[in-house]
J.: 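Here it is, the structure in full.
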Amino acid sequence: MRPTTALFFGGPYRFTRNPIYVSLAAIQDGIALISNTLWPPEFLPVLIAVQRLVIDCEERYLERKFGKSYLTYK
């Protein structure tokens, strides 16, 4: 929504560039395990769409904005 002003490397960002998406996938997997069901594969198209439409756009933006710093982090 607003322009990014800095890169952040602490907290969950030490492990993944997209902690919110990793968290959502973990919640989905946890619900599947608790309910003993295999419905998560039905959401695979949604995960692919998020990758293509959101994450890829965010990463292109960050590469343009921060250049080598972001590529090193990535």
J.: Measure the spacing between SG of C57 and CD of Q51 and express it to the nearest 0.5 Å.
T.: 10.5 Å
J.: Taking the side chain as every heavy atom from C-beta outward, state whether L62 and R17 have any pair of such atoms under 4.5 Å apart.
T.: no
J.: Could you give all pairs that pass the ring-ring contact (aromatic ring centres under 6.0 Å, His included) test and reach residues 2-26, with sequence neighbours left out?
T.: F8-Y13, F9-Y73
J.: If I take atom CG from residue L24 and atom CG from residue D29, how far apart are they, to the nearest 0.5 angstrom?
T.: 11.0 Å
J.: Taking the side chain as every heavy atom from C-beta outward, state whether L71 and E59 have any pair of such atoms under 4.5 Å apart.
T.: no
J.: When you measure from the side chain of T16 to the backbone of N18, do you find a donor-acceptor pair of N or O atoms at a distance under 3.5 Å?
T.: yes
J.: Taking atom NZ of K74 as the centre, report whether more than 12 heavy atoms of other residues, nucleotides or ligands fall under 6.0 Å from it.
T.: yes
J.: Does the R14 side chain pair with the main chain of G11, one donor and one acceptor, at a distance under 3.5 Å?
T.: yes
J.: In terms of hydrophobic clustering (I, L, V, M, F, W, Y; side-chain heavy atoms under 4.5 Å; direct or indirect links), are V54 and V22 co-clustered?
T.: no
J.: Kindly say whether R60 contributes a backbone atom to a donor-acceptor pair with the side chain of Y70 at under 3.5 angstrom?
T.: no
